[in-house]
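Side chains included, hydrogens not; waters and symmetry mates left out as well; all remaining heavy atoms used. Please read these numbers as outputs of a predicted model, since none were measured by experiment.
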Amino acid sequence: MIDFGSEVRTALKKQRKSLRGAAKELHYDVAYLSRVLNGKQAPSSELTQAINEYLGLSLEVEDGGTHDDEMDAWELARRAQVSDVENTTLGRLERAFDDLAMAYPKANPEDLLRQVRKHSAYVGKLLDGRKTLSQHRRLLVVGGWLSLLGATAHIDLMQDDAATALLETAATLAREAGHREIEAWCYETEAWRVLTDGDYAQAVDLSRAAQEVAPADGSAIIQATAQEGRASARLGNGKETYLAVEHVQALAAAIDSPDMPEHHFRYDPGKALSYTATTLAWLGDSAAEPYAREVIKKLSPSDDVSQWPRRVASANIDLALVLLKADRLDEACNSAQRAILSGRVVPSNHWRALEVVKAVEGRQLPESADLREAYQGLKSIEKGKG
């Protein structure tokens with residue numbers, strides 16, 4: 001008979017995974033899992049299956065024909081916790097979502113989606129169980145946030161059908177839970193999707209719809225206002241663009257820095273710099289330069305471009321556009337190439353990089369060949385992933 005605990009501990013060590021991390025991923029109590037791996041309690045069939053899937057094993061546990069009252073008691077308690085959706089389980093799911101939203105600025109969209117799918121599936125399972133009204137709402141909310149984050153990742157990958165489906169799911173869950181912040185983010189995220197498709201007028205409409213729904217003290221209203229400004233800039237509507245920029249700066253100045261500033265759905269006042277840089281660059285206003293440089297200065301962890309968050313890559317593209325307009329061609333090409341080579345320009349933002357490439361080619365600059373080659377390399381990498 002196999003030594004279940006020994007096999008699992010060996011696999012954890014080989015895969016450099018911790019017992020606590022495994023318990024968190026599998027949604028089991030770490031003390032319970034420790035007892036099983038130390039031979040003090042027999043593993044249930046459900047735990048065995050979960051560990052096999054998590055570690056890629058094919059373990060089986062023989063039934064000795066006897067009953068272990070302690071094991072039965074623990075298993076019954078565990079099943080009660082899952083079916084009744086214990087608050088500790090909900091807390092873990094909510095923290096898992098926050099961790100994923102924090103990881104978003106640097107995460108590979110495909111990797112992020114795998115985690116989102118896993119946690120969303122668990123939310124779906126728990127929704128079928130017994131729970132209080134309060135617990136039901138918490139599940140709807142965390143399910144809505146996970147669906148929204150999944151939609152955002154699909155937009156980054158230009159997978160519109162999947163993004164649309166998840167946005168509709170997120171909006172449905174938000175309405176069921178009466179959660180206007182998530183609902184507003186759904187409108188704002190769809191505004192970004194259509195903006196990347198070139199439908200700037202619809203992006204303005206969706207951004208305004210988000211602002212109508214959004215709570216006055218949330219983050220969505222600021223993000224939606226910024227989105228309206230960017231779409232207005234693409235339309236060349238200077239007055240509306242500057243009004244939106246001023247409104248974003250006023251809203252951002254009125255809030256404190258969040259405890260998780262890199263959280264995608266928590267507005268950090270520092271983000272106003274990034275949105276202002278992009279908005280003014282798209283409008284062709286040279287005032288975008290100091291904003292873009294400030295973003296690069298504040299958020300670049302090192303000269304290693306592969307360590308940049310996405311906002312730094314975007315700021316370099318914004319800077320390149322402004323420098324080209326000012327005929328500072330060498331600097332513009334350098335900024336554009338660093339952004340492209342960083343690997344932080346996701347597919348939904350390829351068009352922004354391409355604008356710079358085409359502008360350099362239009363000037364017939366000697367750097368245009370290198371820049372085009374870097375851009376084609378970026379495209380081929382993403383194609384290989386697909």
Are L354 and Y200 linked, directly or through intermediate hydrophobic residues, by side-chain heavy-atom contacts shorter than 4.5 Å (ILVMFWY only)?
yes
So how far is it from I222 CD1 to K271 NZ, rounded to the nearest 0.5 Å?
10.0 Å
Any chance you could measure R208, atom CZ, to T225, atom OG1, to the nearest 0.5 Å?
10.5 Å
Side chain to side chain contact (heavy atoms under 4.5 Å, CB included) test vs H136 passes for just one of L127, V141, L126, namely L127
Under a 4.5 Å side-chain heavy-atom rule over Ile, Leu, Val, Met, Phe, Trp and Tyr, are L299 and V248 clustered together?
no
Distance-minimising heavy-atom pair for A336 and V356
CB-CG1, 3.4 Å
Examine the side chains of R138 and Q135 and answer whether a donor and an acceptor come within less than 3.5 Å of each other.
no
Working to the nearest 0.5 Å, report the span between CZ of R137 and CG of L173.
12.0 Å
What distance do L321 atom CG and S286 atom OG have between them, rounded to the nearest 0.5 Å?
13.0 Å
Donor-acceptor contact below 3.5 Å, side chain R363 vs main chain L329:
no
Should the heavy atoms of other residues, nucleotides or ligands under 6.0 Å from CD of E176 be counted, would the total exceed 12?
no
Whether K325 and E289 form a salt bridge (side-chain N of Lys/Arg under 4.0 Å from carboxylate O of Asp/Glu) is what I want to check.
no
Nearest heavy-atom pair of A231 and A203: which atoms, and what distance?
CB-CB, 3.8 Å
Are E262 and K106 side-chain neighbours, meaning at least one heavy-atom pair lies under 4.5 Å?
no
Are L100 and H119 close enough that some pair of their side-chain heavy atoms sits under 4.5 Å apart?
yes
Would a 4.5 Å heavy-atom cut-off, applied to side chains only, mark E367 and D330 as touching?
yes
Min side-chain heavy-atom separation C333-L365 under 4.5 Å
yes
Do you know the tightest heavy-atom contact between A287 and D285?
N-OD1, 2.8 Å
May I ask you to check whether over 12 heavy atoms, not counting those of K358, lie within 6.0 Å of atom NZ?
no
Checking side chain to side chain contact (heavy atoms under 4.5 Å, CB included) for the pair H247/L243: CA distance, chi angles, key distance, verdict?
CA-CA 6 Å; H247 194 189; L243 284 173; over 6 Å; no
Does Y267 belong to the same Ile/Leu/Val/Met/Phe/Trp/Tyr cluster as W185, with side-chain heavy atoms less than 4.5 Å apart forming each link?
no
Gap separating the CG atom of D98 from the CG atom of L149, nearest 0.5 angstrom:
10.5 Å
Expected output: side-chain N237 to main-chain E240 donor-acceptor under 3.5 Å:
no
Step by step, work out the side chain to side chain contact (heavy atoms under 4.5 Å, CB included) result for V357 and H350.
CA-CA 10 Å; V357 174; H350 284 180; over 6 Å; no
Just by modelled atom types, is the E110 backbone N or O under 3.5 Å from a matching donor or acceptor in the N108 side chain?
yes
Looking only at side chains, do D160 and T164 share a donor and an acceptor under 3.5 Å apart?
no
Would you say that more than 12 heavy atoms from the other residues, nucleotides or ligands in this model lie under 6.0 Å from the CG of D161, or not?
no
Report yes if the side chains of T48 and E60 come closer than 4.5 Å at any heavy-atom pair, otherwise no.
no
Where L47 and L33 come nearest, the two heavy atoms and their spacing:
CD1-CD1, 4.0 Å
Quick one: does V36's side chain get under 4.5 Å of Y32's, heavy atoms only?
yes
Go through the steps for H263 and F97 under the test ring-ring contact (aromatic ring centres under 6.0 Å, His included), then give the verdict.
CA-CA 10 Å; H263 195 296; F97 161 71; 5.5 Å; yes
Residue of the set L166, V116, T152, V123 for which side chain to side chain contact (heavy atoms under 4.5 Å, CB included) holds with S147:
L166
Indicate yes or no for a side-chain donor-acceptor contact from R35 to the backbone of K40 under 3.5 Å, with no hydrogens or angles considered.
no
For a side chain to side chain contact (heavy atoms under 4.5 Å, CB included) check, start with the C-alpha distance between E94 and W145, then their side-chain angles and the critical distance, and finish with the verdict.
CA-CA 9 Å; E94 289 160 349; W145 281 124; over 6 Å; no
Say whether Q223 and Y275, considering side chains only, have a donor N or O and an acceptor N or O under 3.5 Å apart.
yes
For Y242 and T279, run side chain to side chain contact (heavy atoms under 4.5 Å, CB included): C-alpha distance rounded to whole Å, both residues' side-chain angles, the deciding distance at 0.1 Å, then the answer.
CA-CA 9 Å; Y242 291 122; T279 304; over 6 Å; no
Would you check if the side chain of S335 reaches a backbone N or O of A332 as a donor-acceptor pair within less than 3.5 Å?
no
Between Q115 and D111 (side chain of the first, backbone of the second, donor and acceptor by atom type, cut-off under 3.5 Å), is there such a pair?
no
To the nearest 0.5 Å, tell me how far E53 CD sits from L26 CG.
9.0 Å
Is there a side-chain contact between D318 and V295, using heavy atoms and a 4.5 Å cut-off?
no
Common cluster, F4/L12, ILVMFWY with side-chain heavy-atom separation under 4.5 Å:
yes
Just by modelled atom types, is the L37 backbone N or O under 3.5 Å from a matching donor or acceptor in the R9 side chain?
yes
Cluster check L93, L148: I/L/V/M/F/W/Y, side chain < 4.5 angstrom:
yes
Is a side-chain donor or acceptor of T196 paired with a backbone partner of R193 at a separation under 3.5 angstrom?
yes
Which heavy-atom pair separates L112 from A153 by the least distance, and what is that distance?
CD2-CB, 4.3 Å
Considering all heavy atoms of both residues, which atom of I317 and which atom of A339 are nearest to each other, and what is their separation?
CG1-CB, 3.7 Å
With heavy-atom distances below 4.5 Å as the criterion, would you say the side chains of V322 and Y291 are in contact?
no
Might you confirm whether atom CD of E373 has over 12 heavy atoms from other residues, nucleotides or ligands at distances under 6.0 Å?
no
Polar side-chain atom of R310 near backbone of A107 as donor-acceptor pair, under 3.5 Å:
yes
I need the single residue from K13, Q15, K14 that forms a side chain to side chain contact (heavy atoms under 4.5 Å, CB included) with K17. Which is it?
Q15
Would you find a donor on one side and an acceptor on the other, under 3.5 Å apart, between the side chain of E181 and the backbone of A220?
yes
